[in-house]
Amino acid sequence: MRPVRVRRSTLPYQHTFGLGGSSLTLIGLMVFTGVLLMLAYEPSPERAYDSVIGLQDQFLFGGLVRNIHHWSANLLVAVVLLHLLRVLFTGGFHGPRRFNWVLGLGLLAGILAANFTGYLLPWDQLAFWAVTICTGMFGYVPWIGEWLQGMARGGTEVGSATLVIFYTFHTTLVPVTLVLLMAFHFWRVRKAGGVVDPRPPEEIVEEKPDYVSTLPELLMRELAAALALIAFVVVLSVFVNAPLGAPANPGMSTNPAKAPWYFVGFQELQLHFHPLIAVVVIPALVALALLAIPYLRYPRELSGPWFLSDTGRRTAVLAAAVGLAVTPVLILLDELVLQPGAGLPSLAWRGLVPLVLMGAAVFGFRGLLIKKFGASKGEVVQAVFVLFLIVLAVLTVTGVWFRGPGMALVWPWG
Ligand code: HEM
């Protein structure tokens, strides 16, 4: 799976933080604990919740196994996103690594699908209503929305057919796809001669590149990182239980009813935009933009050091500061000033107009980066990415901690 020899310069931990290997480790933990969970779990609305309670009460270490599965799954989303950021910020998606970026996005989609399909299985209130909301979002897709929602739910409502569909995807189709994609991903890393060199391309002028053998140099380091991560997950799982709410009650919704944390940013968008824009147009644009990143024809393919260059570092910090300052202001403005006077819930006023205004603002920001900082295309792409990343992070934090009953804005401490 790994190249036979790797460049010595790629070995330092702070170059990759072992995030790709950590993703693999977490997936390994999930497969192992997932198979154990399958021995006790029963995928029917009548039995699912009780089988989870029974698993915790009647099986030796049953609760611990469930906790490890739960925390690995949540950590995996975070770690894989950090891995994506590492690749982006070191320009590891150019040349022979281009297609591996696309494979990586496939892996990210698979991991989100694995988390989401697993979310329903405990059949508690949290799960039932989060899945009702998220599958309800499919309904906004033009023309095929109703059909898509029916396919995901196996009917008009979330019920026993939904549970069987989610269980099948969660325990067979999604993990098998992930394993196949991972094998392809690792092979592509190997084909590209290992990970990108941390030095800027113009500094790599050795006559004889300094190679070391992967075994033991790289594998021992990866093994040490994996063991530390496993220890962390096990200790976390000993002390913090995976949540389990009251049994699902299709007749009484939780209030607020929130999507899982990794989708809350998009749920928050729904409070500010027309649903078609929030649930279909913006996510589709984000996916397209991510897919396009390696194929944008860069005059200079910057790669190697973190944040590409000094200009890359400064423009990324500026983008983060702008995102941090502007997003909360826009949320409050929409909530306190525009919303009450509403009467404007049309596709134009809560959709196209703000979308065009924001597009123009991003275009202006791009102009500023080029004019004031002399940023190259790679540095502009990185800065705009950081801007959107911070916007999504602020939306997610707002949705998770600052939304209470009726999704009204509240202070997290009550
Ligand atoms: C299950 C999820 C994933 C696993 C197990 C995984 C694993 C790995 C590993 C082990 C490496 C070698 C270096 C490192 O550890 O950083 C790597 C490199 C890479 N990954 Fe991933 N990855 C995953 C998801 C992703 C995602 C979401 C993306 C981005 C969209 C991505 C894009 C890349 C690229 C382009 C490289 C080559 C980068 C370079 O040469 O510097 N991967 N991945």
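What's counted below: heavy atoms across the whole structure, side chains too, no hydrogens, waters or symmetry copies. Whatever order the structure lists ligands and atoms in, that order sets their numbers, starting from 1.
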Would you call the rings of His185 and His83 parallel, tilted or perpendicular if under 30° counts as parallel and over 60° as perpendicular? perpendicular
- Query: Looking at Arg7 and Asp210, does any basic side-chain N land under 4.0 Å from a carboxylate oxygen?
  - Reply: no
Run the side-chain contact (heavy atoms from CB on, under 4.5 Å) test on Val386 and Thr315 for me, step by step, so that the C-alpha distance in whole Å, both residues' side-chain angles and the decisive distance to 0.1 Å come before the verdict.
CA-CA 9 Å; Val386 170; Thr315 45; over 6 Å; no
| query | Going by atom types alone, do Arg86 and Thr90 pair a side-chain donor with an acceptor below 3.5 Å? | reply | yes
Rounded to the nearest 0.5 Å, the CD atom of Gln267 sits from the CD1 atom of Ile133 at a distance of 5.0 Å
Q | Contact check, Gly21 vs ligand 1, heavy-atom distance below 4.0 Å | A | yes
If we number the atoms of ligand 1 from 1 as shown, the ones under 4.0 Å from a heavy atom of Thr16 are 16 (O)
Numbered in order shown, the ligand 1 atoms found under 4.0 Å of a heavy atom of Leu24 are 5 (C)
(message) I'd like to know whether Ile331 forms a side-chain contact (heavy atoms from CB on, under 4.5 Å) with Leu395, so could you lay out the CA-CA distance, the side-chain angles of the two residues, the decisive distance to 0.1 Å, and finally the verdict.
(response) CA-CA 8 Å; Ile331 292 175; Leu395 289 173; 3.9 Å; yes
One finds that the ligand 1 atoms under 4.0 Å from a non-hydrogen atom of Met182 are 5 (C)
Any heavy atom of Leu105 sitting closer than 4.0 Å to ligand 1? yes
For atom 38 (C) of ligand 1, the closest protein heavy atom turns out to be Gly92 O, 3.5 Å
Shell check on atom 21 (Fe) of ligand 1: protein N, O or S atoms less than 2.8 Å away are His83 NE2, His185 NE2
The closest protein heavy-atom partner of atom 13 (C) of ligand 1 is Val195 CG1, 3.1 Å
What do you reckon, does Phe186 put a non-hydrogen atom under 4.0 Å from ligand 1?
yes
Ile27 heavy atoms within 4.0 Å reach ligand 1 at atoms 1 (C)
If we number the atoms of ligand 1 from 1 as shown, the ones under 4.0 Å from a heavy atom of Ile111 are 1 (C), 2 (C)
Looking at ligand 1, does Trp101 have a heavy atom less than 4.0 Å from it?
yes
For Ile282 and Phe273, what are the C-alpha separation, side-chain angles and deciding distance, and is it a side-chain contact (heavy atoms from CB on, under 4.5 Å)? CA-CA 10 Å; Ile282 295 181; Phe273 285 92; 4.3 Å; yes
Salt-bridge contact Arg314-Glu379 (side-chain N to carboxylate O under 4.0 Å): no
Give me the ring orientation class for Trp411 and Trp413: parallel if the planes are under 30° apart, tilted from 30 to 60°, perpendicular past 60°.
-> parallel
Ligand 1 atoms nearer than 4.0 angstrom to some heavy atom of Val196 are 39 (C), 40 (O), 41 (O)
Nearest non-hydrogen protein atom to atom 40 (O) of ligand 1, with distance, is Arg97 NE, 2.6 Å
Q. Taking both backbone and side-chain atoms of Arg86, is any N or O found less than 3.5 Å from an N or O belonging to ligand 1?
A. yes
Cationic tip of Arg5 above Tyr211 ring, under 6.0 Å, 45° of axis: yes
Value for OG (Ser376) from CG (Leu302), rounded to nearest 0.5 Å, stands at 4.5 Å
*asked:* Is it true that, when you exclude Phe373 itself, more than 12 heavy atoms of the residues, nucleotides or ligands shown sit nearer than 6.0 Å to its CZ?
replied: yes
Start with the C-alpha distance between Phe116 and Phe169, add both sets of side-chain angles, then the distance that settles side-chain contact (heavy atoms from CB on, under 4.5 Å), and finish with yes or no.
CA-CA 10 Å; Phe116 181 57; Phe169 270 79; over 6 Å; no
